[in-house]
Structures are given as structure tokens and as C-alpha cells.
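Here the structure comes first, spelled out in C-alpha cells, and everything after it is commentary.
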Amino acid sequence: MSVNEQENLPSQEIVQVDENHVIAERREKLKAIRSQGVAFPNDFKPDALAANIHAAHGGTENEAFEANAVNVKVAGRMMLKRVMGKASFATIQDKSGRIQLFIGSSNLEEATYEAFKHWDLGDIIGATGYLFKTKTGELSVKVTELRLLTKSLRPLPEKFHGLQDQEVKYRQRYVDLITSEEARATFVARSKVVSAIRNFMIQNEFLEVETPMLHPIPGGAAAKPFTTHHNALDMQMFMRIAPELYLKRLVVGGFERVFEMNRNFRNEGLSVRHNPEFTMMEFYAAYTDYRWLMDFTEQCIRAAAIAARGTAVLQYDGKEVDLSKPFERLTIVGAIQKYAPEYTLAQLHDAEFLRVELYKRGIKVFEHAGLGSLQLSLFEETAEAHLWQPTYIVDYPVEVSPLARASDKNPEITERFELFITGREMANGFSELNDAEDQAARFHAQMKAKEAGDQEAMFYDADFIRALEYGMPPAGGCGIGIDRLVMLITDSPSIRDVILFPHMRPEA
RNA sequence: GGGGUGUUAGCUCAGCUGGUAGAGCAGCGGACUUUUAAUCCGUUUGUCGUGGGUUCGAUCCCCGCACGCCCUACCA
């Protein structure tokens, strides 16, 4: 490794993290445990989960338990502890939920009971015993054998209020997950969304594929890429901003229906809607067009919501979002007319008028922007935020859609849509441009725009053109923003709430 | 990038237009054989984010910086 490469690596100096008297006390306890044998045993095998126990025996009464004892071995993190002389209670939490343990000195070795008194909240314990109901009717485990499986050295957040500090919730997601049922539910829902989408695609005869994340030429979207360097090849590479051009190469190859659900990377700002790496489900289907895509995308999103929530009628930020009905479809101009009726149709088709109007509203537009781009800017300004219920916007101008097929009736617009829900873009799809010569011309136009200062204009990808020259069947393709969809389905206000480890600045 | 706002004990939070910090939880010690955020008694813990400034004196007022959150911009 050269000196230069070493300089790029993070420093390996060990940072001494916060220590305090609570941790010091626990380290002393661990030291004592170590001196007595194996401190971190791995021979306790639970045979029951809290939720299953409640489901199976929630209705069982003590007479039945006395007639037929139900023995269980449970394990989990101790979340609550109530020590009272010779009989105590503890609540443990496993992946499924919580269950109460009754720990009485009469059922247990005296030494074990004494040791238990000094265990801490957050310790991971294993308990063997039989089920019964306390006199308040709570299903519990009467413990006959109790073991400390993992000593926790750090105190958990306050047991009632939980972790409140948003920064710590993001930086130390493990603590958030321990203490917040809501956070756990969000990520379980995310997993259900992802698998529902995958199942939906596979049921519809799509082939799941994995295309490169390291691209020699960034393409498939208008965005700033992350750059990196491959040492052995001594070449610059880019983290992909979209898989589009590779997926279309596969359509050329004869995989007529493909999808990929994975990460894209864009070197842009962070916000409640943007993380530098985000998950996109992108799919292509030969012999379909943008109208078919809209129907299909709608069904896919509906299936995901039902899988995660059991319904397609959701609540987001206190307001209803109805995914169960057919999604509305509006043209860009139609949407402006609906949400900003003060403009006449003639004005909306007058480039000079739009230019002045956008200037008045403080919107900057490129000097070479055509009518379509100007209409799009006014749409974004006046209509986009109002698209709370699912709405497809169609008729995107060709100049901002370099990979989309132009309309056969109007060469200025493309067969493209974007889907908006809660005022946010959720998906983007179009009939694909499969005319290699037209695509080459569009790439040339992008190169010109790049030279004119448009940093996000696309690069010319000669191999992609070569692929199209072999012939790509007519096709439709679409990308669905998974993080934003999960935000919607889990009623989360920030993208950081649906990404397990969102990007943060290094800790101060 | 611009604007707003926050940072006090391990955690959740108080803190009077300025006099060197408190509560609850957790911890430690004690009582208690059916608790539910157990209860009761006793008790430990702080570079008040950080660096300056004003002041006899700053957690508090002013300025810079770091980090977070919200809005905004680019974008999905």
C-alpha cells in the first residue's frame, strides 16, 4: 500500500468513550462473574417466545395449569425488575415481545436468588419454569432455574420515558430498538414492504437481478455521483446513481422482465426526504408502455401497504391517504390548472409569460429551458405539494427525460409519469427509448448541457448505445423509492426513521 | 448553502432578566413472598456541548465553533 492510500484510511486511534460510575459498578459485577466461571455462557437454548406464550395461554386459567403444567424456557433482555424480599418480578423482552417472570426464593436456589438481586436492567437472562397467572391475572413464568447469559455494561435509557434524544436514536439505533416498540415496528414493516414487493414482482414473472454498484460512467439519472478509485485498475469509478442502463442492457439480452431492489448513491444534500444512499426498486418489462406501468405500479404499492398494514387506506401525518382507489392521472398543465386556476391555458403555453412568472416567484431556470421545462418548474412551484392523494403526473418534456420514449403524437413530450403521494415523488417511470440513434442524439444533447454548466446532465455511454443498436424490444420501466414508500406506510416524518443507520456527521 | 432552534447527572427533565445546580428514574445500602413505571427509608454522581468576551461574579447576557432537530435550497 502506498503512503497516499494509507492517508485515505480512517485513523485507528482508539477513542475512549464515555465511562461513568454506573458502568464502573457493572464492570465490577462482571469481574466477579468472570471469577466464578464462564461469564458469557452459550448453552442456554430457549424453547418459547413471549408472544407465542401469550397467544397460546393468554386464556388458560390456573386450574388448568395445575392439572397440566406447561414448562417453558425463555430468554431475553431484562427490562423491568421489582425486587421484594423473598419474591420478585422481572419482565424480559425477546424478539416477539415481553413476558413477566416470577422469581421466588422458595422455587429457586438461594444463591441464584441472591445473585439475581444484583443483576441489572439490560442484562440478558434465561429462565426455566412453568406458566401460571398472578393474582392480577397476568400470565407469568414461575422460575425454577435462572441464568445470567450476558452482562450488560451500559445502563438503558429511563425505563418509562425511553430514549428521547433523536440524535442518539439515529446514532445508536441498537438502543432505540431495545427501548422503542415503535422503532421496532417501523423496521418490521419495512421488511414486510420489501418482501411484499419482491413477491409481487416474482409473481408477475420478473427476474430479480443484481447489476453493478461501481460504475465506470455514472448514468441512468440526473444526479451528482460519489467518486472512488479502483487501485488495481488505477481508474476512477462512481457509485451508481441508478441501475437503469444496466437493467436495459439485460432487456436487450432477452431478460424481458427484470427488477432490482437495492441501493443508489447520490452526492447531494440531506433532508427529511433524502439520504445519500437510498433504496430503489427499479423494473423493466418488454412489450409494455407507461400506461401499463401506471396500473402495475399502483397494484404493487397497494400490495405493499396491505402486506405491512393490512389495509390500503393509510394515515399519514394525521391525514388519510387512500391507496385503495385508482390513482388520479393529470398532465403537468392539467395539474397547474387544477391547483393554480388563475393561469389561462394560453398563458401556460406562452414560454415568455412563464419565464416572467417564474422570475416573479423567485425560481431560477436555465436560459435554454424550453416550454416544457418552464411548465414543469411552475408545476413544482404551484401543484406538487398539493398532491396528497396518489396522483400520476404525465407528459414530461423530452428535454428533461433523456432516456424516455417521446410521444408518437408530440415529439416535445415523453411517455413518462411521476407518482406523487403526500406531495412527494414516489416513483418515476416511462416507456423506454429503444431507438439507438435517437438515444445517441439525446446523449449528445446532454453533453452540450453539461458543457453549458448543467452539472447533473448525463454522460455519453457508448456501450449502452451499442447495446441498443442490437435492438431492445419496446419496453416500460419504472423506479419506486422504497424509503419514501416506507415512510408513507409507517407514518414516519423523516427518511431517517426508516433507515436503520442513517448518515450523520461524525460525533463531536 | 441560508434561516430558526436546541445541547444541564448514565437516562427523562426543572433551574427565578446573573450569586458556582435540583427532582424522578437508574446505581449503592436497608425493609418487604403477587408486583406492574412496585412501594418505603437512607445515599453516591455534574468540566451545565466547546472556546472567547462582558461582569466583583456567568448554566443564565454577547460572539465564534461543534453536533442535533425543524424549515428552505438541490434532489428521489
Side-chain angles (χ1 to χ4, degrees), chain A residues 17-26 28-29 62 79-91 98-108 113 117-122 132-138 140 142 152-172 175 179 220-224 241-242 263-282 362-364 380 384 418-421 424-428 454-456 478-485 487 493-497 502 504-508:
Chain A
V17 286
D18 52 311
E19 288 278 344
N20 61 60
H21 68 282
V22 180
I23 295 173
E25 184 76 40
R26 291 188 180 204
E28 281 307 309
K29 290 179 184 177
N62 276 334
M79 302 304 290
L80 293 170
K81 185 188 173 201
R82 296 176 286 278
V83 175
M84 303 174 302
K86 292 187 169 113
S88 299
F89 291 90
T91 301
R98 292 182 173 197
I99 186 129
Q100 179 172 262
L101 307 181
F102 175 83
I103 301 160
S105 58
S106 51
N107 311 303
L108 208 59
Y113 189 72
K117 287 185 181 175
H118 297 281
W119 295 351
D120 294 296
L121 294 185
F132 79 110
K133 280 199 171 153
T134 65
K135 67 183 186 189
T136 56
E138 181 165 347
S140 306
K142 192 164 280 182
S152 168
L153 294 175
R154 288 182 173 268
L156 290 177
E158 210 262 349
K159 65 188 172 189
F160 185 63
H161 298 91
L163 184 56
Q164 295 298 315
D165 188 326
Q166 199 60 246
E167 181 177 357
V168 179
K169 285 167 85 77
Y170 294 149
R171 286 192 197 278
Q172 298 178 240
V175 180
T179 53
K224 295 186 200 87
I241 54 176
R263 230 62 68 79
N264 290 341
F265 306 85
R266 296 188 185 176
N267 205 341
E268 287 159 357
L270 288 77
S271 81
V272 289
R273 291 174 293 271
H274 300 89
N275 195 61
E277 54 180 300
F278 65 100
T279 301
M280 181 96 102
M281 199 284 283
E282 210 165 286
I363 314 293
K364 38 190 187 265
E380 288 169 354
E384 188 175 315
E418 290 196 355
L419 171 62
F420 293 88
I421 310 177
R424 288 174 186 159
E425 187 184 341
M426 291 281 166
N428 174 23
D454 183 352
Q455 284 193 331
E456 295 185 349
C478 178
I480 300 174
I482 299 300
D483 310 279
R484 289 184 180 178
L485 180 60
M487 285 171 68
S494 170
I495 199 168
R496 292 182 157 179
D497 297 321
M504 307 279 282
R505 283 195 173 81
E507 278 182 75

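So that the names make sense, note that chain A is the first sequence line, chain B the second, and so on, each numbered from 1.
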Between the protein and nucleotides 39-49 of chain B, list every N/O to N/O distance that falls short of 3.5 Å.
none

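- Both A:Glu25 and A:Pro157 lie close to RNA chain B; mapped to their nearest nucleotides by heavy-atom distance, the more 5′-ward contact belongs to A:Pro157.
- Between A:Arg171 and B:rG68 there is a side-chain polar atom (N or O) within less than 4.0 angstrom of OP1 or OP2.
- In terms of heavy-atom proximity, A:Met280 sits nearest to A:Ile482 at C-CG1, 4.1 Å.
- Look at A:Arg82 and you won't find any side-chain N or O under 4.0 angstrom from OP1 or OP2 of B:rU35.
- Residue contacts shown for A:Leu419 are absent, as no nucleic acid heavy atom lies under 4.0 Å away.
- Side chain of A:Lys142 to main chain of A:Phe132: no donor-acceptor pair is present (N/O by atom type, distance under 3.5 Å, no hydrogens or angles).
- Taking atom C1' on both nucleotides, B:rC61 is separated from B:rG3 by 23 Å, rounded to a whole Å.
- When each of B:rC69, B:rU12, B:rC28 is scored by its nearest atom to the side-chain atoms of A:Asp120, the top-ranked nucleotide is B:rC28.
- Judged by distance alone, with hydrogens and angles left aside, A:Glu138 brings no side-chain donor or acceptor close enough to the base of B:rU35 to form a pair under 3.5 Å.
- Contact check, A:Lys29 against B:rC28: a side-chain N or O comes under 4.0 Å of OP1 or OP2.
- Backbone-only engagement by A:Gly162 is indicated by non-hydrogen atom pairs under 4.0 Å involving sugar-phosphate atoms exclusively.
- Using a 4.0 Å cut-off, no side-chain N or O of A:Arg154 falls inside it from OP1 or OP2 of B:rG10.
- Straight-line distance between the C1' atoms of B:rU8 and B:rG4: roughly 22 Å, to the nearest whole Å.
- Nearest-nucleotide assignment on RNA chain B puts the 5′-proximal partner with A:Trp119, out of A:Trp119 and A:Leu270.
- Listed for the A:Arg82 side chain is no donor-acceptor partner under 3.5 Å among the backbone atoms of A:Phe89.
- Between the P atoms of B:rG30 and B:rC70, the separation comes to 47 Å (whole Å).
- Of the P atoms belonging to B:rU50 and B:rC60, the separation is 11 Å, rounded to the nearest Å.
- Here the shortest heavy-atom pairing between A:Ala221 and A:Ala242 reads CB-CB, 4.0 Å.
- Taking the C1' atom of each, B:rG19 and B:rU59 are spaced 13 Å apart, rounded to whole Å.
- The residue A:Gly269 sits close to a base: some heavy atom pair falls under 4.0 Å.
- Separating the CD atom of A:Gln166 from the C1' atom of B:rU5 is a distance of 15 Å, rounded to the nearest angstrom.
- Side-chain atoms of A:Arg273 lie closest to B:rU72 of the nucleotides B:rU72, B:rG29, B:rU34.
- The side chain of A:Leu80 lies closest to B:rA38 when the candidates are B:rU12, B:rC74, B:rA38.
- Using a 4.0 Å heavy-atom criterion, one finds that A:Asp165 contacts the sugar-phosphate atoms exclusively.
- Residue A:Val272 has its side chain nearest to B:rC70 when only B:rC70, B:rA73, B:rU34 are considered.
- One atom, CD1 of A:Ile23, and another, C1' of B:rA26, lie 12 Å apart when rounded to the nearest Å.
- Rounded to a whole Å, the CG atom of A:Leu121 is 8 Å from the P atom of B:rA38.
- For A:Asn20, taking side-chain heavy atoms from C-beta onward, the closest of the listed nucleotides B:rG68, B:rU35, B:rG10 is B:rG10.
- Nucleic acid contact for A:Met504: sugar-phosphate only, since backbone atoms but no base atoms lie under 4.0 Å from a heavy atom of the residue.
- Within 4.0 Å of A:Asn275, counting heavy atoms only, lies at least one base atom of the nucleic acid.
- Rounded to whole Å, the separation between the C1' atoms of B:rG52 and B:rG68 comes to 23 Å.
- Comparing B:rU34, B:rC74, B:rG68 by their closest approach to the side chain of A:Glu167 singles out B:rG68.
- Formation of a donor-acceptor pair under 3.5 Å by the A:Lys81 side chain with backbone atoms of A:Lys117 is found in this model.
- Here the separation of B:rU44 from B:rG29, taken at their C1' atoms, is 11 Å to the nearest Å.
- Checking B:rG1 for Watson-Crick or G-U wobble geometry (two distances, each under 3.5 Å) identifies B:rU72 as its partner.
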